[in-house]
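Letters A, B, ... mirror the listed sequences (proteins, then strands); counts begin at 1.
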Amino acid sequence: MHPYRTHTCGELREARVGETVRLSGWVHRVRDHGGLLFIDLRDHYGITQCVADPDSPAFADVEKVRAEWVVRIDGRVRSRPAETYNENLSTGAIEVFIDGLEVLSAAAELPMPVFGDAQYPEETRLRYRFLDLRREKLHQNIVKRSKIIASIRQRMVDQGFLEFQTPILTASSPEGARDFLVPSRLHPGQFYALPQAPQQFKQLTMVAGFDRYFQIAPCFRDEDARADRSPGEFYQLDIEMSFVTQDDVFSVVEPVLRGLFEEFGEGKHVTPEFPRIPYATAMRKYGTDKPDLRNPIEMEEVSEAFRGSGFKVFANILEKDADAEVWAIPAKGGGSRAFCDRMNSWAQGEGQPGLGYIFFRDGEGAGPVAKNIGPERTEQVRTQLGLADGDAVFFVAGKPKSFVNFAGAARRRVGEELGLIAKDLFEFCWIVDFPMFEWNEDEKKVDFSHNPFSMPQGGLEALQTMDPLEIKAFQYDIVCNGIELSSGAIRNHLPEIMRKAFEIAGYDQSVLEEKFGGMLRALQYGAPPHGGIAPGVDRIVMLLCGEENLREVVMYPMNQQAQDLMMGAPSEVSAKQLRELHIRLALPQTRQQAS
RNA sequence: GGGGGUGUAGCUCAGUCGGUUAGAGCGCUGGCCUGUCACGCCAGAGGCCGCGGGUUCGAGUCCCGUCACUCCCGCCA
């Protein structure tokens with residue numbers, strides 16, 4: 001007989017009744033009735049109820065075991081009395097009568113129980129991650145993650161993509177996020193950087209003629225964490241393709257994501273064809289470049305209803321500034337003074353002067369704004385937005401650029417408060433036509449708005465003839481339920497266009513040469529037109545597991561301060577290690593005093 | 001770097017207006033219990049009230065500082 005098991009804890013059925021079996025696992029739960037004692041034995045595969053009474057030669061041993069001990073149980077499968085079936089267990093029709101029990105590993109008193117689904121502090125969960133991972137929800141999330149990644153690989157391979165590994169120790173890149181640095185022993189004073197993404201490598205792979213690349217790629221960025229942004233490291237489904245247009249990239253990636261979400265979305269409806277929304281349209285309708293399309297609210301400009309009206313605040317704003325506009329946020333079902341006032345005080349809490357509104361009842365608009373602009377203009381607004389009694393509409397005024405973020409937040413808030421956000425949906429869209437450049441207000445200069453490797457729409461001619469701020473890029477995002485899942489672009493594969501683009505962003509040729517010399521050289525030896533995208537694997541898994549925090553889908557996550565509480569990272573290193581790396585510490589004042 | 005929230009038993013939390021010996025549930029230890037599956041019943045152990053300072057006759061409670069965790073802003077091409 002195998003030293004540990006003949007079956008797993010999720011395996012036995014009534015067909016095995018009468019057989020002698022051996023199971024190993026964790027003691028999930030003990031129910032001791034004195035003369036009758038139950039152990040729920042758990043492993044990765046399931047739970048099997050084991051039972052002992054004084055007739056069992058192992059009874060004395062069984063009485064000693066405690067939660068989370070690892071034990072081996074020898075016994076006989078028997079069917080349970082019909083009234084004691086447990087429908088919640090796959091093995092619920094049988095139980096194992098214990099003839100022998102060996103303790104393989106005892107457990108100390110637990111800092112957090114594995115049994116049950118109570119909430120525990122993050123610090124405890126992270127420090128004892130191996131216990132948290134035993135718990136059903138997290139265990140299942142991690143299993144699901146593995147299956148999702150396997151499915152991604154299969155779907156990519158099926159479309160003719162090859163997976164390649166790119167370096168982890170590489171060069172610091174000049175733009176983007178802060179790098180993690182690794183000191184070089186052989187080259188005093190020099191450092192490797194961990195890749196923020198394999199961006200340049202994947203483009204070089206296209207230059208090298210491999211045509212279709214993908215990788216479940218680790219990415220490292222030394223930036224502060226958020227609930228949907230792991231500190232330090234995360235994974236991307238990194239994709240690059242040669243001889244493609246934007247449409248080609250879309251037609252490859254869209255079925256992968258749709259298929260993945262249909263496979264793992266537990267029946268939630270998935271957008272059959274992802275709509276393509278230009279960046280500018282998304283900003284005007286939704287106030288964000290990552291709209292949650294489950295929220296049906298679409299904002300509209302209603303400046304004309306206020307121009308020269310009796311609502312002097314808005315009328316004056318419009319008069320003083322030709323760029324000023326008034327946007328309306330329709331709120332179907334929000335037509336009560338209580339709701340409108342609540343939104344108004346929320347807006348004030350957001351640092352806004354307030355949130356103008358009209359609510360409709362008894363066939364007319366009510367509230368101070370309606371009074372000031374009069375019934376005709378009120379009706380004009382109502383008709384434009386298709387509102388009726390019981391609805392409301394909120395207004396924001398000023399330069400769109402300065403209020404658009406707030407307008408987007410208000411749209412989101414209204415949708416949430418009124419329960420307008422549909423559940424059980426994965427609403428995808430493409431956001432396309434991102435601007436190539438943007439105005440950097442701090443430095444008073446034109447800057448790249450995404451990465452400098454994107455191809456401008458219109459090519460070199462556009463760069464030479466158009467207002468830089470009007471030029472769009474072949475740059476696109478995928479958004480699902482308001483979460484930015486990925487970002488990609490058709491790349492700029494022509495050195496002359498890259499030189500021109502850098503010139504517009506105010507970078508000297510020497511900067512381009514110094515920072516992107518390798519890339520630039522590669523483009524001079526025959527580079528295919530190419531493009532790609534990089535969906536965030538962790539965020540995909542998060543959506544498919546219905547979680548709000550990445551730590552629920554990452555096996556060994558760090559805390560928000562980028563510490564691994566279980567392994568104790570980061571940690572101090574020995575003086576010898578530092579010497580070998582030619583490093584002398586220059587700690588901040590407070591630290592020195594503390595130590 | 002900045003703002004909000006939290007911090008009381010191993011864990012989850014309660015603790016009134018500043019007032020006697022800081023409580024409950026789960027877990028733990030011991031006892032009883034032969035059909036439970038969140039088993040039940042009885043008893044017990046377990047506290048630097050995050051830490052430091054202050055106000056006060058008296059501080060878990062009020063004030064100041066600080067630390068930790070978390071959420072957000074900045075940041076994240």
Side-chain angles (χ1 to χ4, degrees), chain A residues 28-42 47-56 59 63 66-68 78 80-89 91-92 95 97 107-128 131-132 173-179 196-197 199-200 219-234 349-351 405 409 434 436-438 440 442 447-454 473 475 477 484 487-489 501 505 515-516 534 536 548-549 551 558-561 563 565 588 590 594:
Chain A
H28 190 59
R29 193 85 171 144
V30 179
R31 291 177 296 282
D32 184 350
H33 293 237
L36 185 70
L37 191 152
F38 300 96
I39 290 177
D40 288 337
L41 194 68
R42 183 195 75 239
I47 289 176
T48 300
Q49 174 168 285
C50 303
V51 59
D53 64 24
D55 293 339
S56 165
F59 190 70
E63 279 187 304
R66 295 292 179 268
E68 296 310 307
R78 63 188 199 189
R80 295 201 199 184
E83 67 278 11
T84 65
Y85 278 20
N86 187 340
E87 302 292 338
N88 299 321
L89 297 182
T91 60
E95 63 192 6
F97 184 80
E109 187 178 344
L110 301 165
M112 58 182 285
V114 172
F115 173 81
D117 56 359
Q119 295 297 304
Y120 292 90
E122 286 292 328
E123 192 175 357
T124 307
R125 295 184 59 194
L126 292 174
R127 191 177 298 278
Y128 299 96
L131 289 180
D132 204 14
S173 71
E175 295 235 325
R178 197 175 294 114
D179 283 318
Q196 297 182 20
Q199 179 66 33
Q200 294 192 58
C219 304
F220 305 90
R221 296 176 190 175
D222 188 3
E223 297 292 350
D224 290 344
R226 290 288 183 278
D228 64 349
R229 205 168 75 208
S230 295
E233 55 188 74
F234 60 97
E350 295 287 296
N405 284 341
F434 277 84
M436 181 81 188
F437 300 101
E438 65 188 10
N440 183 330
D442 291 340
D447 226 334
F448 288 110
S449 68
H450 274 67
N451 80 53
F453 301 123
S454 298
Q475 170 85 43
D477 281 0
E484 183 188 319
S487 180
K515 302 295 188 187
F516 301 103
E548 305 260 310
N549 194 301
R551 282 189 297 269
M558 296 197 282
N559 69 9
Q560 200 177 29
Q561 278 71 244
Q563 296 166 306
L565 297 176
T590 48

Side-chain N or O of [X] less than 4.0 angstrom from OP1 or OP2 on [N]?
X: Arg221(A); N: A77(B); value: yes
X: Arg31(A); N: U36(B); value: no
X: Asn86(A); N: C37(B); value: no
X: Arg551(A); N: C71(B); value: yes
X: Arg66(A); N: U29(B); value: yes
X: Gln560(A); N: C71(B); value: yes
X: Arg226(A); N: C73(B); value: yes
X: Arg29(A); N: C39(B); value: yes
X: Gln561(A); N: C69(B); value: yes

> Given the rule that a pair is Watson-Crick or G-U wobble with both distances under 3.5 Å, how would you write RNA chain B in dot-bracket, using | for pairs to a different strand?
Replying inline: (((((((..((((.....[...)))).(((((.......))))).....(((((..]....))))))))))))....

Distance check, [atom1] atoms only: [N] and [M], in whole angstrom units.
N: U6(B); M: U20(B); atom1: P; answer: 24 Å
N: U66(B); M: G27(B); atom1: C1'; answer: 33 Å
N: C11(B); M: U16(B); atom1: C1'; answer: 26 Å
N: C32(B); M: C69(B); atom1: P; answer: 46 Å
N: U8(B); M: A24(B); atom1: C1'; answer: 13 Å

>> If the test is side-chain contact (heavy atoms from CB on, under 4.5 Å), which one of Glu68(A), Arg42(A), Arg29(A) qualifies with Phe115(A)?
In response: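 With Phe115(A) as partner, side-chain contact (heavy atoms from CB on, under 4.5 Å) holds for just one option, Arg29(A).
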
> Out of Asp40(A), Thr48(A), Leu41(A), Asn86(A), which one pairs with Thr91(A) under the side-chain contact (heavy atoms from CB on, under 4.5 Å) rule?
Replying inline: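 Result: among Asp40(A), Thr48(A), Leu41(A), Asn86(A), Thr48(A) is the only option passing the side-chain contact (heavy atoms from CB on, under 4.5 Å) with Thr91(A).
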
> If only atom types and distance count, is the side chain of Arg80(A) paired as donor or acceptor with the main-chain N or O of Gly92(A) below 3.5 Å?
Replying inline: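 Here the side-chain-to-backbone pair exists.
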
> Want to settle it: does Asp228(A) or Phe115(A) sit nearer the 5' end of RNA chain B, counting the closest nucleotide to each?
Replying inline: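 Its nearest nucleotide being more 5', the pick is Phe115(A).
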
> In terms of the nearest nucleotide of RNA chain B, which residue is placed more toward the 5' end: Ala227(A) or Tyr85(A)?
Replying inline: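 Checking each residue's closest nucleotide, the 5'-ward one belongs to Tyr85(A).
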
> Could Arg229(A) and Asp224(A) be called an ion pair, given the rule that one side-chain N must be under 4.0 Å from one carboxylate O?
Replying inline: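 Between Asp224(A) and Arg229(A) there is no salt bridge, as every charged N stays at least 4.0 Å from the carboxylate O atoms.
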
> In terms of side-chain heavy atoms of Asp53(A), which of U34(B), A68(B), G74(B) is nearest?
Replying inline: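 Closest nucleotide among those given: U34(B).
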
>> Under 4.0 Å, counting only non-hydrogen atoms across every strand here, what does Ser454(A) touch: a base, just sugar-phosphate, or nothing?
In response: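 Touches nothing.
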
> Is the ring centre of His33(A) under 5.5 Å from the base ring centre of C39(B), and are the two planes under 30° apart, so that they stack?
Replying inline: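 The base of C39(B) is stacked with His33(A) (centres under 5.5 Å, planes under 30°).
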
Please produce a list of atom pairs where a protein N or O lies less than 3.5 Å from an N or O of nucleotides 3-9 of chain B.
none

